[in-house]
Amino acid sequence: HTRCLSHWSSDVCSSDLEPCPAWGSTAVVAADGLSADVLSTALYVLGPDRGLAWAERHEVAAAFLLNDGHIRMTRAFLSLHPTLIPRENR
């Protein structure tokens, strides 16, 4: 199985053209690059709370890297046994 990772961070990206809060970034692991990219963008727009809930419901392997240094991960992402780099080393 090939897995692709997409990472998204931006402060302007919304379907109604309103600025998204710059809360952090998302990372998604999916079977192909296009799916990973689309999902990471959509989850960023949803934000860390609604995005995490949606990703959990749809079993998406996603991580939400918050500006305060916290990382929120779905069960599917955790099942991949990720090794994440501490904020001070990023």
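This chain uses plain numbering: 1 for the first residue, then up along the sequence.
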Sidechain-backbone polar pair: [X] side chain, [Y] backbone, donor-acceptor under 3.5 Å:
X     : Y     : value
Ser35 : Ala30 : no
Glu59 : Ala76 : no
Ser40 : Ala27 : no

Could you walk me through whether Val28 and Val60 pass the side-chain contact (heavy atoms from CB on, under 4.5 Å) check? CA-CA 7 Å; Val28 170; Val60 173; 4.0 Å; yes
What heavy-atom pair brings Leu66 and Pro48 nearest, and what distance separates the two atoms? CD2-CB, 3.7 Å
Which heavy atom of Asn67 sits nearest a heavy atom of Gly24, and at what distance? OD1-CA, 3.3 Å
Report the distance from atom [atom1] of [X] to atom [atom2] of [Y], rounding to the nearest 0.5 Å.
X     : Y     : atom1 : atom2 : result
Phe77 : Leu52 : CZ    : CG    : 12.0 Å
Leu46 : Thr41 : CG    : OG1   : 11.0 Å
Leu80 : Met73 : CG    : CE    : 10.5 Å
Ser25 : Ile71 : OG    : CD1   : 9.0 Å

Note, Tyr44 side chain near Phe64 side chain (heavy atom, < 4.5 Å): no
Within-4.5 Å side-chain heavy-atom neighbours: Leu65 and Arg72: no
Show the numbers, then the answer: is there a side-chain contact (heavy atoms from CB on, under 4.5 Å) between Leu39 and Trp54? CA-CA 11 Å; Leu39 286 166; Trp54 189 94; 3.8 Å; yes
With a cut-off of 6.0 Å (strictly less than), are more than 12 heavy atoms of other residues, nucleotides or ligands near CZ of Arg57? yes
